There are 2 protein chains.
Amino acid sequence: MPQPPLPPSQPTAGRHTRLERAEGDLQHCLLCDRSRGGLCNGVDRDGLEALAHSSRRLVLPPGSTMVEEGQTAEAFFNITRGTVKLFKSLPDGRRQITGFADPGQFLGLSRSGLYAFGAETVDTVHACRFQRPQFEALLNDQPDLKRNLLAAVTDKLAEAQEQMLLLGRKTAREKVASFLLGRAQAEQTMRGDTPPDPMPVASVPMTRVDIADYLGLTIETVSRTISALRREKLIASTENHGIRLLSPDALRQIATGQGAG
Amino acid sequence: MPQPPLPPSQPTAGRHTRLERAEGDLQHCLLCDRSRGGLCNGVDRDGLEALAHSSRRLVLPPGSTMVEEGQTAEAFFNITRGTVKLFKSLPDGRRQITGFADPGQFLGLSRSGLYAFGAETVDTVHACRFQRPQFEALLNDQPDLKRNLLAAVTDKLAEAQEQMLLLGRKTAREKVASFLLGRAQAEQTMRGDTPPDPMPVASVPMTRVDIADYLGLTIETVSRTISALRREKLIASTENHGIRLLSPDALRQIATGQGAG
DNA sequence: CGCGCGCTTGACATAAATCAAAAGGCGTGG
DNA sequence: CCACGCCTTTTGATTTATGTCAAGCGCGCG
C-alpha cells in the first residue's frame with residue numbers, strides 16, 4: 001500500500017521510440033461514419049449530417065493531454081485508433097489510472113460540466129471530437145443514441161466495479177494476471193473478426209509506470225511479477241510490445257484467486 | 001495488501017440489534033411517486049401510471065439479499081429508505097463493496113442481462129421494485145427518464161473513479177477520512193433541506209466488516225484508524241451509529257493526501 | 001559512442017495483514 | 001433484574017507482501 005510522500009508519477013514523456021502497432025486500417029468513428037454500425041451508433045440520417053458537421057478528426061502523438069481533471073468539459077471523443085489512459089490524481093502526484101480507452105471507446109462524459117478525470121494518449125491516437133453543446137443537442141434528438149450511450153456507460157460502470165475488486169482485494173500476482181487477460185481481450189475486441197482464441201496476445205502499448213498506476217502497485221512490483229510469470233512459462237514477450245499468454249487458463253485461475261502458487 | 005488465502009468475509013447476519021435510524025418520514029420513490037420531483041424523474045402522466053402499476057413497494061430487514069452476482073437481472077430498484085451495499089466477490093470469499101446505495105439511489109441496471117454484482121441491505125430498507133421488461137419499455141417511451149438515468153449512471157461512474165483512486169493509491173488513514181466525509185455527505189443529501197454545514201455527522205449504519213470491505217482494508221486496520229482519529233479529536237461517536245466530524249477541514253486535508261501526521 | 005530513459009534485479013524498510021486475546025453491547029432466559 | 005453467551009469492536013504482538021532505495025542493463029538517439 002502506498003505511503004503518503006510518494007514521488008510524483010510523471011506523465012509518460014515521449015516514447016516515440018515505441019513501434020507503432022501494426023493494426024489493420026484506420027478504424028472509423030462509431031458515431032459519425034456511415035459505413036459502420038457499432039456500439040454507439042443509433043443515429044438517423046439527419047443526425048449523421050449534424051454529427052459530421054460538428055465533429056473533427058484528430059491525430060495525437062503519444063503523451064498528448066486530451067482532457068485535464070477539473071477543466072470545463074467542452075468535448076466528447078470517440079477513439080478510432082490507439083489507446084488513451086484515463087486517470088485521477090492526488091495533489092502530491094500519486095496517480096490512479098482508472099481505465100484505458102481503446103478504439104471504439106468514447107470518452108468525455110461529465111455531469112457536472114467539469115471533467116472528473118484526466119486523459120492522455122498512450123501511443124499515437126486517432127480520435128473524433130465532438131463539441132459538447134452540439135453533441136448534447138443531438139443526444140436529445142436521437143433516442144437510440146441515448147440508449148446506446150446509456151448501455152455503454154453501464155458497461156463502463158461494471159468494468160469499474162471489477163477494477164475496484166482488483167484494487168481492493170487482489171494480490172500483485174492476481175492483479176497482473178487480470179491485467180494481461182484484460183489486454184488480451186482488448187486486443188481481440190479491437191480486431192473483432194479474425195480467429196477466436198488460438199494463443200492470445202495482450203496488447204501492452206503502455207509503460208510500466210502506467211501499468212503500475214493502473215493496478216495500484218509500483219513499477220518494481222509490476223516488473224518482478226511479470227518476470228515471475230515469464231519464468232514460470234505462463235507468458236512470453238512478443239515483438240511490438242505484446243505479451244503472449246502461453247497458458248490463458250492458468251492465468252484465469254490466478255486472476256480469480258484460485259491460482260496455484 | 002490482502003494475501004490470497006483470506007478467510008471469507010461473512011455476509012452480515014442479523015444485526016437487528018442496531019437501532020433504526022430516526023430519519024424523518026418515509027421517503028417516496030423518485031420514479032413513481034407523483035408528489036416529488038427528483039433525480040430520476042422525467043416521466044409523464046401516462047408513464048407514471050405505467051410505473052405505478054409495474055412497481056411494488058418492499059420493506060426488507062437488515063442483511064437481506066436483493067440481488068445476487070450472476071443472477072439474471074429481473075428487477076430494477078429505487079431505494080427510498082435505508083442503505084444497501086453493492087459488492088463483488090472472489091471465489092475464496094474475499095469481497096469488495098463497490099458502493100453503498102442510500103435513499104434516492106437506483107440499483108439493478110445491467111447490460112448483459114446478468115447482475116454483475118451482489119446487493120444486500122445494511123439496515124432496514126424500503127425500496128420500490130420494477131420488473132425489468134416493463135421498466136425497459138418505459139425507458140423507451142420516456143426520453144427524459146432515459147436522460148436522467150444516463151446522468152445518474154454518469155455520476156456513479158465518476159464516484160467509481162474516485163473510489164479507484166482511493167483503493168489504489170490512498171493510505172489507510174486517507175481511506176478512512178474519505179469514507180467519513182462521504183458518509184457525512186450522504187447524510188446531508190438524504191436530509192436535503194436542513195441547515196448547511198454546522199458540524200456534520202457521518203451516517204454509519206454498516207459494520208466494521210463492511211467498512212473494511214469498502215475500503216480494501218481489514219477490520220482491525222479500520223478500527224485502529226478510527227480510534228486514532230478519535231484520539232486526535234478529529235471525530236467523536238454519536239448515539240445511533242453516527243460519527244461527528246469535529247474538524248471537517250482537517251479530515252478533508254487528510255483525505256486528499258495533504259494531512260499533517 | 002555515450003547519454004537518457006525504461007526496465008530489471010537485489011537488499012532493506014514498513015504499512016498493513018495476521019494472529020491472539022480482552023473488552024463492550026445487547027438479547028435471552030433464569 | 002441480573003448473568004450468561006454470542007457478536008462486534010478494540011487493542012496488542014508479530015509477520016509479510018509490497019514499497020523504497022539503489023545499482024546495473026539494454027537500447028535508441030543525438
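Bear in mind the structure is a predicted one, so any value in this text is a computation, not a measurement. Quick note on labels: first sequence line is chain A, next is B, and so on, each numbered from 1.
Contacts of A/Y214 classified as ring pair (Phe, Tyr, Trp, His ring centres under 6.0 Å), with partners at least two apart in sequence or in another chain: A/F100, A/F179. Applying the salt bridge (charged side-chain N to carboxylate O under 4.0 Å, His left out) criterion to A/E232, with sequence neighbours excluded, gives A/R173. Evaluation of the side chain to side chain contact (heavy atoms under 4.5 Å, CB included) rule for A/A255 yields A/A177, A/S178, A/L181 as partners, not counting sequence neighbours. Checked against salt bridge (charged side-chain N to carboxylate O under 4.0 Å, His left out), A/E220 has no partners two or more places apart in sequence or in another chain.
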Using a 3.5 Å cut-off and no angle test, enumerate the donor-acceptor pairs between side-chain atoms of residues 243-251 of chain A and protein atoms at least two apart in sequence or in another chain.
from, atom 1, to, atom 2, distance (Å)
A/D249, OD1, A/R252, NH2, 3.0

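Summarising the geometry, the separation between CE on A/M206 and C1' on C/dG6 is reported as 15 Å, rounded to the nearest angstrom. In this structure, B/R173 places its CZ atom 15 Å from C1' of C/dA16, rounding to the nearest Å. The separation between A/E174 atom CD and D/dT18 atom C1' is 14 Å, rounded to whole Å. For the pair B/L167 CG and D/dT18 P, the computed distance is 15 Å after rounding to whole Å. Counting to the nearest Å, the C1' atom of D/dT20 and the CG atom of A/D92 are 15 Å from each other. When rounded to the nearest whole Å, the span between CZ of B/R94 and C1' of D/dA17 equals 13 Å. Atom CZ in B/R169 sits roughly 13 Å away from atom P in C/dA16 (whole-Å rounding). Computed from coordinates, the B/D213 CG to C/dA16 P distance equals 17 Å when rounded to whole Å.
A salt bridge does not link A/E120 with A/R95: every distance from a Lys NZ or Arg NE/NH1/NH2 to an Asp or Glu carboxylate oxygen is 4.0 Å or more.
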Filtered N/O pairs between nucleotides 8-11 of chain C and protein, under 3.5 Å:
from, atom 1, to, atom 2, distance (Å)
C/dT8, OP1, A/R208, NH2, 3.2
C/dT8, OP2, A/R208, NE, 2.6
C/dT8, OP2, A/R208, NH2, 3.1
C/dT8, OP2, A/S223, OG, 2.8
C/dT8, O5', A/S223, OG, 3.1
C/dT9, OP2, A/S227, OG, 2.5
C/dG10, N7, A/R224, NH1, 2.8
C/dG10, O6, A/R224, NH2, 3.3
C/dA11, N6, A/R224, NH2, 3.4

